[in-house]
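Convention: sequence-line order gives letters A, B, ...; per-chain numbering from 1. Keep in mind that this is a model prediction, so the values were computed, not measured.
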There are 2 protein chains.
Amino acid sequence: MVQKKKGPPQGGPPAEITAAPAEPKRRGRPRAYEPDVALGKALELFRATGFAATSLDDLSAATGMNRPSLYGAFGDKRELYIKSYQRYRDSARATIGEILRQDWPVRRQLEALFAAALDIYLSGEEGPRGCFTVMTAGSEAIADPDIRAMVQNAVTELDKAFAHCFRRAKEKGELPDSADPVVLAQLASATIHSIAVRARARVPREALEAIVAGAIDVLVGRK
Amino acid sequence: MVQKKKGPPQGGPPAEITAAPAEPKRRGRPRAYEPDVALGKALELFRATGFAATSLDDLSAATGMNRPSLYGAFGDKRELYIKSYQRYRDSARATIGEILRQDWPVRRQLEALFAAALDIYLSGEEGPRGCFTVMTAGSEAIADPDIRAMVQNAVTELDKAFAHCFRRAKEKGELPDSADPVVLAQLASATIHSIAVRARARVPREALEAIVAGAIDVLVGRK
DNA sequence: CTTTTTTTGTACCATTTCGCACTAAATCCC
DNA sequence: GGGATTTAGTGCGAAATGGTACAAAAAAAG
């Protein structure tokens with residue numbers, strides 16, 4: 001995902017254009033930042049401290065862009081938050097899609113999905129950062145309809161991904177006929193939400209993995 | 001302004017003492033607020049907007065106390081947040097204890113616990129406010145060790161409450177020997193966390209109730 | 001009535017915060 | 001080289017924020 005997005009043609013002649021649409025020739029002074037990595041830094045900060053507690057100065061320091069540049073590139077703080085969240089979701093969606101694409105037994109697929117979630121939630125220089133969707137639900141979702149819609153969407157998509165997983169498993173005979181993919185999916189999503197909360201409370205990885213293992217056993221039967 | 005707030009023993013002889021420790025005779029100017037209801041208002045505000053996005057002016061307006069009084073009564077903003085959270089947890093603990101005390105079948109007990117959670121999460125003038133623990137995990141828990149400890153505690157206590165519930169059910173023969181109370185409890189807690197997140201995204205009550213119903217079926221078997 | 005004690009409420013301060021002019025710099029086009 | 005164009009970076013300013021000093025007010029105690 002993190003494609004080097006080819007910044008501006010600089011450093012030399014525009015010989016090696018990677019693959020991206022690659023803007024042909026920019027006109028004025030070249031940017032001193034790469035929008036993509038700057039957005040990544042912003043996301044990182046927002047994930048650590050949330051919307052309200054993150055100041056533009058903090059964002060400016062983290063991205064290396066000064067405030068006017070930040071503003072010019074991404075709009076105001078709210079827009080930047082939304083773009084950060086979009087990026088987070090795109091990344092998560094890609095990860096999930098990648099796993100769902102594999103032709104694996106449910107158990108393995110669940111293991112992969114939960115492991116991916118843990119990697120995301122536990123990453124972070126100063127302590128695990130949890131799930132951005134859960135954080136956003138807890139803060140901006142109430143007052144901001146647009147952001148709330150994104151949260152709703154994220155939750156729904158996760159449910160659907162898991163449901164797809166269980167439905168297929170049922171078709172393949174891995175689950176009993178009595179199994180309800182939608183219910184199982186909601187429980188799997190719930191487990192995701194729960195480990196996100198616990199991660200931010202600094203529950204150690206092993207404990208979270210134990211929770212995941214227990215959940216999988218209940219969802220698809222003990223190994 | 002707004003002095004309806006007749007508080008302590010006054011208006012007549014201290015004849016009708018309700019039940020509380022009832023402070024005997026205060027010395028100086030009487031308070032224009034009741035600490036308890038003020039704290040309740042503060043909690044309400046914090047639950048709606050979170051720590052960082054709630055200003056002292058907001059709190060002052062909500063409680064009817066001016067900032068210096070607020071400070072004198074509860075300390076700075078962080079202390080007020082902690083006291084609000086404590087109050088929230090005390091209340092939740094009381095509710096849970098009340099339910100656990102009943103000699104009911106697991107299913108009924110779970111139904112009662114989840115119903116109580118939904119009542120808490122869905123209340124609020126302007127939209128459901130979710131779970132304070134989940135919100136706090138998503139915001140202050142990373143940077144503030146004391147607050148993080150409270151969140152850890154809250155999560156652990158919830159797990160234990162559910163585990164107690166399932167363990168007893170197992171003893172009473174309501175659950176198969178193969179059932180693991182701890183694992184089931186974590187799934188129940190996860191369901192709690194999940195409906196808290198969804199509530200803030202304004203998922204309608206019926207949908208949340210459906211999730212709860214599905215979870216209960218998986219946890220203790222279909223009715 | 002006076003003193004003492006406690007709370008209230010106004011006013012203030014130092015900082016932070018967000019946003020935006022405005023100037024300087026760097027690159028492209030002719 | 002000269003002009004056009006785009007970005008960088010300094011810095012300002014209005015508003016908000018957290019916190020507090022201080023005097024007035026309200027009650028009990030003497």
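Counting non-hydrogen atoms under 4.0 angstrom, Thr54(B) reaches the backbone sugars and phosphates but no base.
Between Tyr81(A) and Phe132(A), the distance separating the two ring centers is shorter than 6.0 angstrom. Two rings, from Phe114(A) and Phe162(A), have their centers less than 6.0 Å apart.
Within 6.0 Å of CD on Glu125(A) lie no more than 12 heavy atoms contributed by other residues, nucleotides or ligands.
For the pair Asp76(A) CG and dG19(C) P, the computed distance is 5 Å after rounding to whole Å. Atom pair Leu59(A):CG and dG19(C):P shows a separation of 11 Å (rounding to whole Å applied). In this entry the distance linking CZ of Phe74(A) with P of dG19(C) reads 15 Å, nearest Å. Atom pair Asn66(B):CG and dT6(C):C1' shows a separation of 14 Å (rounding to whole Å applied). If you take NZ of Lys77(B) and P of dT17(D), they are 9 Å apart, rounded to a whole angstrom. Rounded to whole angstrom, the span from the CZ atom of Phe51(A) across to the C1' atom of dC18(C) amounts to 11 Å. A straight line from CE of Met65(A) to P of dC20(C) spans 15 Å, rounded to a whole angstrom. If you take CZ of Arg31(A) and P of dC28(C), they are 14 Å apart, rounded to a whole angstrom.
Comparing dT17(C), dA8(D), dT8(C) against the side chain of Ser55(A) picks out dT17(C) as the nearest. Taking every side-chain heavy atom of Pro30(A) into account, dT27(C) is the closest of dT27(C), dT10(D), dA27(D). Side-chain proximity of Arg27(B) to the nucleotides dT7(D), dT10(C), dA29(D) is greatest for dA29(D). Of the candidate nucleotides dG19(D), dT10(D), dA28(D), dG19(D) has the atom nearest to the side chain of Leu56(B). When distances run from any side-chain atom of Arg67(B) to the nucleotides dT10(C), dT7(C), dG19(D), the shortest one goes to dG19(D).
Ser69(B) has a side-chain polar atom (N or O) that falls below the 4.0 Å cut-off from OP1 or OP2 of dT8(C). Within the 4.0 Å cut-off from OP1 or OP2 of dC18(C), not a single side-chain nitrogen or oxygen of Tyr71(A) is found. Close to dA25(C), at under 4.0 Å from its OP1 or OP2, lies no side-chain N or O of Arg29(A).
The heavy-atom pair separating Ser84(A) from Leu39(A) by the smallest distance is OG-CD1, 3.7 Å.
Take the nearest nucleotide of DNA chain D for Ala53(B) and for Pro68(B): the residue whose nucleotide is more 5' is Ala53(B).
For the pair Tyr71(A)/Leu80(A), no side-chain contact is recorded, criterion being any heavy-atom separation below 4.5 Å from C-beta on. Put simply, the side chain of Arg129(B) reaches to within 4.5 Å of the side chain of Glu44(B), judged on heavy atoms.
Side-chain contact of Asn66(B) with Ser69(B): a donor-acceptor pair under 3.5 Å is present, judged by distance alone. Side-chain contact of Ser55(A) with Asp58(A): a donor-acceptor pair under 3.5 Å is present, judged by distance alone.
Axis deviation across the helix from dC1(C)-dG30(D) to dC30(C)-dG1(D) amounts to 0°, comparing end segments of five pairs, rounded to 10 degrees.
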